[in-house]
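Within every chain, numbering begins at 1; the chains are lettered A, B, ... in the order of the sequence lines, protein sequences first and strands thereafter.
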Amino acid sequence: MSIAHPLLPGLCEQLERGVMSRREFIRCATLIGMTARTAHAMAGSTAPAMAAETLPFPAVDPGAKHGGILRIGQMVGKMHDPATYSWNEMSNQTRPILEYLTMIGPDNVVRPMLVDWWQPSADLRTWTLHVRSGVKWHNGDELTAEHVAWNIRRWTDPALGSSNLGLSTFAALTEFTGGRDAKGKAVRRALKNGVEVLDSHTVRLNLARPTLSVAEDCAEYCTLIVHPSFVAPLSHQPMGTGPYTLADLRVGERCILKRVTHTTDGREFRYWGGDVYLDEIHFYNYEQEYQTAALASGSVDAIYELTIEQLELAQSIPGAQILSVESAQTLCCRMQVDVKPFDDVRVRRAVVKAADNARIKDLVFGAHGSVAHNYHVAPIHPEYFPLPPPVRDVAGAKQLLKEAGYEKGLDLTICVGNNDGPWQQAVCEALRDQVKDAGINLKVEVLPATKYWEVWNQVPFGATSWAHRPLGTMALAQAYRTGASWNETHFSDPKFDLALSEAEATLDVAERRLKMQKVEQLLEDAAIVLQAFWRPVFSLASSRVRGYRPHPARQIQLTKVWMT
Amino acid sequence: MGQLLIRRLIQMLLIMLVVSALLFAIFDSDQFRRKVAVAELGGLGLATLSADDYHAWLDRRGLNQPFFVRYVAWLDQLGHGDFGQSIEKDVAVSTLLGESLSNTAVLAFFVFLIMVPVSLTLGVLAGMQEGSALDRIISFLAVFTTSIPQIATAALLTVILALGLGWVPTKSAMDDGWSFRALVLPLLTLLIYDIGYLVRMTRASMTEVMASHYIRTAVLKGLPYHRVILRHALRNALIVPVTLIFLELNGVLSQVVVVEVFFQYRGFGRMLFDAANFGDIQVLQAGTLVAVCVAVASQGLSDVAYGLINPRVRVA
């Protein structure tokens, strides 16, 4: 059920003129609420096989077998409140129970899930979401627009402490009160009429500013939809719309999920998404460095993530399936613009100039991943505008330091928490060796991962991992816009904010890409991040597992996974 | 005897009161509150809170009260037999404590079952004739095993027995249910050190006894050697090792932190380690109480045993 969008004819025209590639057209058409198959048909290409046109899941081999238990090695966390989950693994444990409004596939394209279509207004400030009919909760209730609105309103409560409020959509459902807190941070409150329920299955979002990423934001890891009767912890009363429920949870040990066959009031439970294959899903607690060994010894059938350090070991496992996918997962060595000596742009530029991004990538990830150029938009983002790659310039860096008054050298310290693995430390150490040539003595201070999250937005120079975002504008809006919750560099440039807002208000990808040139250039010139590369995501599964695919945002999606 | 036990009991309660108050005081810092907030909401979630909302969040969690208020509340709760709730694991502390203690008890049971007879025998054999070839071999082995840190033994055993020979699993989490094979590595790691230690103590005690005048007299009287050893030497030589065995109860409880974390065995040590890492204060408090209780109880038992074995001491 898709309604022709006013912007659609323009898109078709661009496709015909060759301004827009097929892939971009599909990307853009799905963004305005068209189903992937229709978009593919209009672009004259064959859609990737899907289970059904209206379903977000991939097609499954007709010979797929029902039954079996899939054992996954990952850290097992508690399942308290999905809106405030602090690790991705918690979402993995929950995703078979609770579901998203939309789903990002392994191909980085958004698909309808609990909402089956959406439509933005031409100015991108009003979004209409249509809730899928026939979706049942485990207690037999039907999912309604009220339920969805209840969840979104909850996320926009600034007192909840949900990372969802850092996402553009939900931030645009709040406004500044004009007041400031003790630390000078502007205080926000939820918009009065931000979330409107139009009828039993339609919700309208009235956003404070044009927002491009509503569909994508609704698939982020903390946006799982709970029943309005929800009381934390979820693990005590795990009720969702998904095909599984929680049978046993022991934090740091295991999480056992079983199929839901009957609703709590005794009726047969029919999952809206069609066939589901696995009887049970077991998560066993393995820290990252033991996961590959656990698979090799047959203790688990698949693991959360294959790290670059374990790649060789994994390749030696007979029959193991190693798959990889490009992602916008990255490490930002970022400097705070209001702290000495980084308040001097010449110092920041000197650090960036003295580094050799391609060399760092080769040292740490070898042939994998792709080089990044310090402006936090990746080639896999639809609006990526390739700027000329920066060239390492040690003499230039020295000159800048001299002008800034650091002729005799400069001592700096970078904090790193290895939140995404020990490779982060390796990046900082490579950087240390490179900037030495320009007379910068860089000390690498390694903090425990949890400790880093206590200071991530406070240290003057820190290496923060940034997870994959499906659109290029998403991370920029979250991290570099004035006053954004996650603005760890304290960067504030009205010109940048304006340019980004203009790009965000442009649905047309070709046009948006042109607008991104300015945005990216402003960020690169400000030299607030040194970002060496985009890392790939690897997945590892035994030969018995079918349909287990790596996901750029490391979401384990198990609805159509089966075992031989 | 009764008086001694009462004295010990009062001593134990006092230590518990002081230690738990200290723990609450240590954890009464902004840094600790921030740590809990990061663990609960994540660095990204916390960053969305304004200062007022952060304090409101702390209030809701009861973390903003001054430490003595929280301490008194905790004592009151404890008085009602409630150990509180684990914030890391969303379960009652008593459940967590029960499971982890019983797992550690199983481990400790096997440690003592094997350690006591083996080390007493070896220690007595070595100490019977100081300087003999047997003494030298046993003493060398004992010094050798006690000089390797347990973490190194653990790694070495894993490499040989689990990765090399494949006899036992590398991890003792027992995901598929209880298995003795999974217990082998943590058990051996504890035994290798503890046996060496107890052998050395037994041997030292035995050599001292063997050099005493009454043993020389017994030998000179022409008593058969085995009679001298069994009837005269052993009783005195075992006084020290037996008291040490009781103290070892406490020793094992602290050693299990290293061993259980290394092998991911779900016992008391691992629970304490996780709680300390997370800042799970109620779990930490309960764990500390148990540890103090075991420490004082093992000393008490050791005193009682000493009194029973040693004819020179009569406990009133």
Side-chain angles (χ1 to χ4, degrees), chain A residues 71 77-81 83-87 158-166 171 179-188 222 232-236 249-254 282 284-287 290 293-294 297 299-300 419 448 450-457 464 478 485-488, chain B residues 30-61 85-91 95-96 99-100 103 158 162-163 166 169-171 173-176 182 261 264-266 270-271 273-275 277-280 283:
Chain A
R71 299 163 304 162
K78 72 170 172 178
M79 293 153 81
H80 191 80
D81 180 350
T84 61
Y85 277 174
S86 49
W87 326 333
L160 180 65
S162 166
S163 62
N164 291 342
L165 209 54
R180 291 194 174 271
D181 71 7
K183 286 184 177 160
K185 195 160 139 185
V187 175
R188 289 193 288 189
C222 284
L234 176 75
S235 48
H236 289 192
L249 172 68
R250 281 155 188 263
V251 178
E253 295 180 30
R254 61 180 177 267
H282 294 189
Y284 290 118
N285 194 72
Y286 283 92
E287 281 169 39
Y290 300 117
S297 68
S299 303
V300 295
N419 310 76
T450 51
K451 183 80 196 159
Y452 187 77
W453 280 122
E454 290 170 37
V455 297
W456 74 283
N457 51 4
T464 305
Q478 293 161 12
S485 301
W486 300 335
N487 187 330
E488 51 175 346
Chain B
D30 287 336
Q31 209 189 353
F32 164 71
R33 282 185 274 273
R34 200 173 162 79
K35 183 185 167 80
V36 173
V38 167
E40 284 282 278
L41 304 172
L44 295 175
L46 183 59
T48 66
L49 286 179
S50 69
D52 292 341
D53 285 330
Y54 173 56
H55 283 285
W57 185 87
L58 290 175
D59 281 338
R60 284 204 297 279
R61 286 297 172 124
Q85 201 75 10
S86 157
I87 48 171
E88 185 194 2
K89 308 198 169 173
D90 269 344
V91 288
T95 314
L96 213 55
E99 284 173 9
S100 63
N103 282 341
T158 305
L163 299 176
T170 50
K171 186 179 143 180
M174 305 190 188
D175 291 323
D176 308 325
V261 170
Q264 309 200 26
Y265 183 72
R266 276 145 199 164
R270 169 103 190 272
M271 183 195 79
F273 179 82
D274 285 352
N277 261 344
F278 191 93
D280 204 346
V283 178

Measure distances from [X] to the heavy atoms of chain B and classify the residue's part below 4.5 Å as side chain, backbone, both or neither.
X	answer
A/His236	side chain
A/Leu160	backbone
A/Tyr85	backbone
A/Arg71	neither

(request) Under 4.5 Å, counting heavy-atom pairs only, tell me which of B/Thr48, B/Leu46, B/Val38 racks up the most with chain A. (result) B/Thr48
(request) Quick one: which of B/Gly166, B/Ala51, B/Ala56, B/Pro169 has the most heavy-atom pairs under 4.5 Å with chain A, could you say? (result) B/Ala51
[Y] and [X], any side-chain heavy atoms less than 4.5 Å apart:
X	Y	value
B/Phe278	B/Lys89	no
A/Ser485	A/Arg188	yes
B/Glu88	B/Val283	no

Pick whichever of [options] has the most heavy-atom pairs under 4.5 Å with chain B.
options	value
A/Ser235, A/Ser297, A/Gly252, A/Gly166	A/Gly252
A/His80, A/Arg250, A/His282	A/His80
A/Lys451, A/Glu253, A/Arg254	A/Glu253
A/Asn487, A/Thr450, A/Asn285	A/Asn285

(request) For A/Ser162, enumerate each residue passing the side chain to side chain donor-acceptor pair (under 3.5 Å) test, keeping only those at least two apart in sequence or located in another chain. (result)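 A/Asn164.
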(request) Hey, could you give me the OG/CH2 distance between B/Ser50 and B/Trp57, rounded to the nearest 0.5 Å? (result) 14.0 Å
(request) Give the C-alpha distance, both sets of side-chain angles, the deciding distance and a yes or no for side chain to side chain contact (heavy atoms under 4.5 Å, CB included) between A/Ser86 and A/Trp453. (result) CA-CA 10 Å; A/Ser86 49; A/Trp453 280 122; over 6 Å; no
(request) Please check if the side chain of B/Asn103 supplies one atom and the backbone of B/Arg266 the other of a donor-acceptor pair under 3.5 Å. (result) yes
(request) Output yes when a side-chain donor or acceptor of B/Lys35 lies under 3.5 Å from a complementary backbone atom of B/Asn277, and no otherwise. (result)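 Checking the backbone N and O of B/Asn277 against the side chain of B/Lys35, a donor-acceptor pair under 3.5 Å is found.
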Structural part of [X] lying under 4.5 Å from a heavy atom of chain A:
X	result
B/Gln31	both
B/Ala47	both
B/Ala37	neither

(request) Mind jotting down which residue pairs meet the salt bridge (charged side-chain N to carboxylate O under 4.0 Å, His left out) criterion with at least one end in residues 36-58 of chain B? Sequence neighbours excluded, please. (result)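 Passing the test, one end in residues 36-58 of chain B: A/Lys78-B/Glu40, B/Glu40-B/Arg61.
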